[in-house]
Amino acid sequence: MVKTAGQSRDNTDYHSCNIIHPITVRKVSIQMPPEADLNSLSAVLHLFSDKTRTGILWALSLAEMCVCDLSMLLKMKQPAISQHLKSLRQMRMVRTRRDGKVIYYTRDDEHIRKVLNLGLQHIQEL
């Protein structure tokens with residue numbers, strides 16, 4: 001069967017080989033998160049794949065900042081920073097606080113900082 005882009009996977013595609021280590025497959029399958037959780041995790045990790053979003057998350061893990069300050073720090077225009085912040089807010093990676101006309105951003109929780117530190121530690125070990 002020849003598959004083209006956009007075609008759904010035939011259920012027999014992954015059955016074309018014999019399981020060599022059935023006990024391992026069974027143990028791992030029990031510990032695998034549900035597909036919906038894997039999709040959500042993939043979406044969260046995708047946010048880290050952009051240099052600007054990673055820079056925003058790093059800055060916000062150190063201090064609460066407004067869009068203008070982030071724009072100056074990252075040497076980017078405010079609308080671009082705002083678009084990235086929108087994506088980060090949608091995935092609940094940053095939260096906001098209003099003070100008059102100014103909206104301040106900060107990381108949503110400590111997990112963000114841990115992921116950033118683990119990633120940096122990993123690349124420094126390479």
Gap separating the [atom1] atom of [X] from the [atom2] atom of [Y], nearest 0.5 angstrom:
{"X": "L57", "Y": "H84", "atom1": "CG", "atom2": "NE2", "result": "11.0 Å"}
{"X": "C68", "Y": "Q78", "atom1": "SG", "atom2": "CD", "result": "4.5 Å"}
{"X": "R95", "Y": "E64", "atom1": "CZ", "atom2": "CD", "result": "8.5 Å"}
{"X": "L45", "Y": "M91", "atom1": "CG", "atom2": "CE", "result": "9.0 Å"}
{"X": "M76", "Y": "K51", "atom1": "CE", "atom2": "NZ", "result": "8.5 Å"}
{"X": "L88", "Y": "T96", "atom1": "CG", "atom2": "OG1", "result": "12.5 Å"}

Using a 6.0 Å cut-off, check whether atom [atom1] of [X] has over 12 heavy atoms from anything other than its own residue.
{"X": "R92", "atom1": "CZ", "result": "no"}
{"X": "I19", "atom1": "CD1", "result": "no"}
{"X": "E35", "atom1": "CD", "result": "no"}

Revision key, fill the gap. The side-chain contact (heavy atoms from CB on, under 4.5 Å) partner of M65 among I56, I81, L60, T106 is L60
Revision key, fill the gap. Which of L47, V115, L116 passes side-chain contact (heavy atoms from CB on, under 4.5 Å) with T54? It is L116
Exercise for review: For side chain to side chain contact (heavy atoms under 4.5 Å, CB included), just list the numbers for K86 and S82, CA-CA rounded to whole Å, side-chain angles, deciding distance to a tenth of an Å, and then say yes or no.
Suggested key: CA-CA 6 Å; K86 179 182 177 184; S82 293; over 6 Å; no
Test item: [X] side-chain N/O and [Y] main-chain N/O as donor-acceptor pair under 3.5 Å:
{"X": "S40", "Y": "D37", "value": "no"}
{"X": "S49", "Y": "H46", "value": "yes"}
{"X": "S29", "Y": "V25", "value": "yes"}

Revision key, fill the gap. Note: with side-chain heavy atoms under 4.5 Å as the link, the other cluster members for Y104 come out as V102
**Study point:** M32: hydrophobic cluster co-members (side-chain, 4.5 Å)
**Key:**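 Answer for M32: V28, L38.
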Given side chains that start at C-beta, do those of [X] and [Y] come closer than 4.5 Å, heavy atoms only?
{"X": "K114", "Y": "N117", "answer": "no"}
{"X": "D108", "Y": "M93", "answer": "no"}
{"X": "D69", "Y": "C66", "answer": "yes"}
{"X": "R97", "Y": "I103", "answer": "no"}

**Study point:** Joint cluster assignment, M72 & V94, ILVMFWY side-chain distance < 4.5 Å
**Key:** no
Exercise for review: Mind running side chain to side chain contact (heavy atoms under 4.5 Å, CB included) on R113 and R107 for me, showing each step along the way?
Suggested key: CA-CA 8 Å; R113 183 70 184 164; R107 71 172 189 264; 4.3 Å; yes
Check your understanding: Does the ring of W58 carry R53 above it, NZ/CZ under 6.0 angstrom from centre and within 45° of its axis?
Key -> no
